[in-house]
Each structure stands twice: as structure tokens, then as C-alpha cells.
Amino acid sequence: MTVTDSDKLESSNPATGELVGAVPAMGPDDVARATAAARRASKDFAALSLRDRARHLRAIRQAIVDRADDLASTVAAEAGKPAADAWLEVFSSCLLLTYAAHAGPKALRARSVPTWPLVIKRARVQYSPFGVIGVISPWNYPLTVPMQAIAFALGAGNAVVLKPSELTPLTGVLLGEVVNSAGMDLVHVVTGDGRVGEAVVRSGVDKVCFTGSPITGRRIMAAASDTLTPVVMELGGKDPMIVCDDADIERAARAAVAGAFSNSGQTCIAVERALVVAPVYDQFVVRVTELTGELRQGTEPDAHVGAIIRPPQMEVIERRLADAVARGGRIVAGGARRDDLPGSFFAPTVVADVTPDMELVREETFGPVLPVMRVADVTEAVAVANDCDYGLNSSVFTRDRAEARRIAGELITGGVNINDALLGAGIPSLPFGGEKWSGFGRVHGEEGLREFSRIKSVVEDRFPFTPGMAGMMLRSERPTPELLNKAIGVAYSSGVAKRLKALRK
Ligand code: NAD
């Protein structure tokens, strides 16, 4: 993206440098108008039954199917992705909408909860839409990432103001157009840089779902704190992969290479640290090096690794590598820009013998780099994995399922893939989100639908003759301390004998 003048953003293809298109650079007035329009749309949408809402989500999915070609080609052009990667974003969008339509009516139906010991009362939890959700998204998956908020925000009955990344605004604009072509004008897109994002936060939206870096996340929380607007934070990651000595090394190496290099490593759940126990370390390093050498890079349909979407990221990658080498890291594959290709490409890179003091191990790289660290045993691997500011996702490779689950339990992370990588985020029924600097709140799953719902607790009489209970406190026969003491003993003593004793007191 370049801001060419005060009212235009140009979007270019990072794989070729070619101009793809331009959108308006909006200001706070445009954002206010978008939020007001979303508010109007939200009222009609909220009035639909859960079933009709689900039907509308399926209509949106059909609109995406009908425009799949346009969506995939816009993503590929704007993000410099191989075609298959761009099509995967369209596929994921359909998957997310399908789940939200299917699960919404059940997850958001009012449910009864027990009222013991106040059995003469009935209690229900009711879910209702917030109204308008502000969705602020990054550039790495310009379609899937906004969609993982939008599908669940709409599934919960809200309208959306979407602020796509300034690097991939055309995809955001097209996404809004396609969703709205199904009717009801539920997604209002505003284009511009971070200032427009901040204007969204301050525009009176009822909740913000932000996906991006922790540094921006903090700024958004600060702005949201002025109005106590609730936020969901989907932030960065530094995902560990733990490889135990009984692991299937071929399978682990393939998952590490796919996990580190798919989308050129510009994935919040990329494998950013392989922690491999000493007995299988050398074998693992040899195999990931070989597999990395087999990757094809470029934008041809069969390429595995595409462009670096945000060119300044090249310098970040180089800085991390220089620091790692200065501290004893060994580059065993890649290690440099691909000047032989047009546009912005960095060769898939494997760095062996990394240590916990390196930036490459501590900071998110967000590029095609796989650092591999030797650890003595699983205990050290878990300690290193958890000694990190981030906690988004992780992988564990072992043939011992019970051990894998034990390790999963010890990791401070939003998700664990056992004998695989990346996968959990692609299962829309599984809640997705992070711990620590990786954020809080969840998209996906029933939790994701409820994240975008107001949760209301309602108490009512169970029977027509149920007396008002609060008023009893004013009457002379209200419970005495002795009666309450007896009730505690009868209701909560352990064992029948103790309960009977309490009754006789
Ligand atoms: P970023 O934080 O720079 O920008 C994200 C969005 O925030 C953009 O639309 C930007 O215009 C907007 N923004 C910037 N300043 C703002 C402000 N002050 N107020 C409101 N909005 C503002 O992130 P990025 O570089 O676009 O994306 C990369 C980051 O996103 C990485 O850290 C990556 O790990 C993270 N990410 C996380 C997930 C997840 O689900 N956890 C998914 C994808 C990417």
C-alpha cells in the first residue's frame, strides 16, 4: 500500500510490484457513517429468528461460491500468493460460514440452568446480539482472517464494520460487496491505515475484534478503555513444536516445513520454534533441510512458498538471522532474499543450533524461517516452550498418546496439535485464540458465537403460585441465623450422618 495523496490508497502485488488497484483513504466521518449504517442493518438482522439468521448465512456462503474466482484472484494479486493458497482462503470462508450457520441455532438458544436450592424459581441464560462489531484485520490472510470474525459476529446476529489492512484493502472491499450481495447490508467496509482503525474503535461499535500485532493490540485496548468497549484480541504467535525421541521423524519434519513455510511463514500459528530432543536432533535437522530444498517458490499455481507481503518485513527477517548467526546459530538452508525472482521473496530458511537468548527464538519473525533447537529432554522442551511472551498454538510429536496429552496439558497455549501442525485453526468447531501476548477471547466454536453475544441471566417463577422471594427479607418470618446455620449443615455437610446431625441441631 502507498498513500499517494490524502484520499487514495494504492494496493500493489508484492510478488510483481504491479499496481492492483486503489481505494479511498477514509476519515473519521466515513467511519461514523459506516457505523451508523451497520447499526441500522443490525436492527433488522437481530429481529430474525435463529433459523432465518442461519438461512441468511447460507445465502452469504452461496454469494461467496458465486464470486469465488474474483475473491481468489484478488487475494492472490494483493498478497502475492500462489493460486492454491488464495483458493484455500475462499474454501475456509465457506467452512466458517457453514459452521456458524449450523451451530448458531443450538449454541445461542436460551438454555435453562439449575436453581438448587431455590427450586421454586427457574433460571435461563439468554443470548442476544451486541449490535455492531468492529473488525480490524491484518494482511496475511486478507479473506480468512476477517471472515473468522465476521462469520461468528453475523452468526450471533450482529452487523459489522470491517477495517481491512491497508496492504490488502481490495480484498476487504470485495468481501463486503459479496456479503452484502446476499441482502441486508451487514458488512460496512472502511479503508485506510491505523488512524481509520482507531476511528472504528472510537465510533460507538459495541465490541471490537482485532487481529494483528501485540503493539497495535495495546493501542486499541487503550482507545477502547475510554468507552469501556469490550475487545477480542487475536495477536501474534511464536509457536513451538516439541519433537520427542519416539516421534515419527519423517512426519514431524514434514509438518515443521509446512508449518514454518506455508504462506511464507506469515501465519500467526506458523511453527516458529522446533524444540527437538537430543537423540533425534541431527536426524531431524537433516530431514527438514532436505525437505526445504525441495520447495518451489514463486507465484506459479504449483508453488509452495509465495511472496513477503509487507516488504519491510525482509529487514526484520535479516536482523533476526544476523543476531542468530552472531550467537552461534547455523543456517543450513536458505538465508537470503531471492533477488532472482521479481517482487519480494525470501528463501525458506532453516537455522540449526539456536539458543534461547536469540531474537529468532524470542520474537515473532513472521517470515519463512524455521529455527531448530536441541533440548535435553521433554521437561526442558516444555520449559523452553512456555518461557515465551506468546501462547497461541503448538505441536507435539510422539507415538505415546498419553504422553502427548500430558505435554499438551503443560503447555501455556491456546491450542495443541498432536502429531500435526496448523490444523486446529482449520476446524471451525474448535475455539481459536491465545494466551499471554497472543491475546484473549475466542473466535470459532460455540465459544466464538457466544463471544459476539450479550449474555443475560433471567430468573422467573417456576409455578403460578411461587411467592416473591426478595420481599421475604422484609417480613418478620425471614430466615433466622439459626435456620440458615441448620440449612448449611443439612445441605453441605459431607455424608448422610453429618447431615442428619445438622437436622437434629
Ligand atoms: P498490525 O497490528 O500492524 O495491523 C493490523 C490492523 O490494525 C491493520 O488493519 C492496521 O491498519 C490496524 N491498526 C494499526 N494501528 C491501529 C490503531 N492504532 N488502532 C486501530 N487499528 C490499527 O498487524 P499486521 O502487521 O497487519 O499483521 C501481522 C500481525 O498479525 C502478526 O503479529 C500476526 O501474528 C498477527 N496475526 C494474528 C492472528 C491471530 O488470529 N491470532 C492472525 C493473523 C495475524
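For ligands, and for the atoms within them, numbers begin at 1 and follow the listed sequence. All heavy atoms count here, side chains included; hydrogens, waters and symmetry mates do not. Residues: numbered from 1 along the sequence shown.
Inclusion of T211 in the set of residues having an N or O under 3.5 Å from an N or O of ligand 1 is not warranted. For ligand 1, the polar-atom distance check finds an N/O of S213 within less than 3.5 Å of one of the ligand's N/O atoms. Here's the thing with E364: one of its N/O atoms is less than 3.5 angstrom from an N/O atom of ligand 1. Note: an N/O pair closer than 3.5 Å links L235 and ligand 1 by distance alone. Here's the thing with T216: one of its N/O atoms is less than 3.5 angstrom from an N/O atom of ligand 1.
In terms of protein heavy atoms, atom 39 (C) of ligand 1 is closest to C268 SG, 3.3 Å. Among all protein heavy atoms, the one lying closest to atom 25 (O) of ligand 1 is W139 NE1, 2.9 Å. Closest protein heavy atom to atom 27 (O) of ligand 1: P138 CB, 3.2 Å. Looking at atom 7 (O) of ligand 1, its nearest protein heavy atom turns out to be F210 CE1, 3.3 Å. Among protein heavy atoms, atom 40 (O) of ligand 1 sits closest to F432 CE2, 3.3 Å. At the top of the distance list for atom 28 (C) of ligand 1, counting protein heavy atoms only, stands F366 CE2, 3.8 Å.
The heavy atom nearest to atom 8 (C) of ligand 1, considering only G212, S137, G194, P146, is found in S137.
With L143 as reference, S93 is the one residue of S92, P164, S93 to meet the side chain to side chain contact (heavy atoms under 4.5 Å, CB included) rule. Paired with D357 under the rule side chain to side chain contact (heavy atoms under 4.5 Å, CB included), one option of V361, V354, T355 passes, and it is T355.
By the 4.5 Å heavy-atom criterion applied to side chains, V135 and V161 are not counted as neighbours. Within the 4.5 Å cutoff, no side-chain heavy atoms of F397 are placed close to those of I407. Between Q297 and R338, the closest side-chain pair of non-hydrogen atoms falls below 4.5 Å. Considering only heavy atoms from C-beta on, M221 comes within 4.5 Å of V231 through its side chain. With a 4.5 Å cut-off on side-chain heavy atoms, T211 and I136 do not count as touching.
At least one heavy atom of P164 lies less than 4.0 angstrom from ligand 1. Within the structure, the closest approach of L392 to ligand 1 falls below 4.0 Å when heavy atoms are considered.
In the vicinity of G197, heavy-atom distances shorter than 4.0 Å reach the ligand 1 atoms 19 (N), 20 (C), 21 (N). Near Q148, with a cut-off below 4.0 Å to any heavy atom, the atoms of ligand 1 are 40 (O). For ligand 1, the atoms closer than 4.0 angstrom to any heavy atom of I136 are 6 (C), 7 (O), 9 (O), 12 (C), 21 (N). Proximity to N140 (heavy-atom distance under 4.0 Å) selects the following atoms of ligand 1: 43 (C), 44 (C). Using a 4.0 Å cut-off to heavy atoms of D193, the atoms of ligand 1 that qualify are 11 (O). Listed by number with element, the atoms of ligand 1 under 4.0 angstrom from any heavy atom of I220 are 19 (N), 20 (C), 21 (N). Annotation for ligand 1: atoms under 4.0 Å from non-hydrogen atoms of E166 are 8 (C), 9 (O), 10 (C), 11 (O). The atoms of ligand 1 that sit less than 4.0 Å from any heavy atom of S165 are 9 (O).
Under a 4.0 Å N-O distance rule, the pair E318/R337 qualifies as a salt bridge.
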Next item on the list: Might you work through the ring pair (Phe, Tyr, Trp, His ring centres under 6.0 Å) test for F45 and H56, ending with a clear yes or no?
Entry: CA-CA 9 Å; F45 194 45; H56 191 70; 5.8 Å; yes
Note to self: If you apply the rule salt bridge (charged side-chain N to carboxylate O under 4.0 Å, His left out), what do you find for K238 with E364, and how did you get there?
What the structure shows: CA-CA 5 Å; K238 190 74 199 165; E364 186 181 43; over 6 Å; no
Check: Run the side chain to side chain donor-acceptor pair (under 3.5 Å) check on S11 and E78 step by step: do they pass?
Finding: CA-CA 7 Å; S11 173; E78 230 182 2; 2.8 Å; yes
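Side-chain atoms of T98 and R61 form a donor-acceptor pair, as typed in the model, at a separation below 3.5 Å.
Taking the six-membered ring for Trp and the full ring otherwise, F152 and H444 have centroids separated by under 6.0 Å.
Listed here is the closest heavy atom pair of P214 and W437: CG-O, 3.8 Å.
No part of Y141 comes within 4.0 Å of ligand 1, judged by heavy-atom distances. In R195, neither the side chain nor the backbone holds a heavy atom less than 4.0 Å from any atom of ligand 1. At a heavy-atom cutoff of 4.0 Å, ligand 1 is contacted by no atom of R310, backbone or side chain.
One distance of note links CZ of R273 with OG of S395; it measures 11.5 Å at 0.5 Å rounding.
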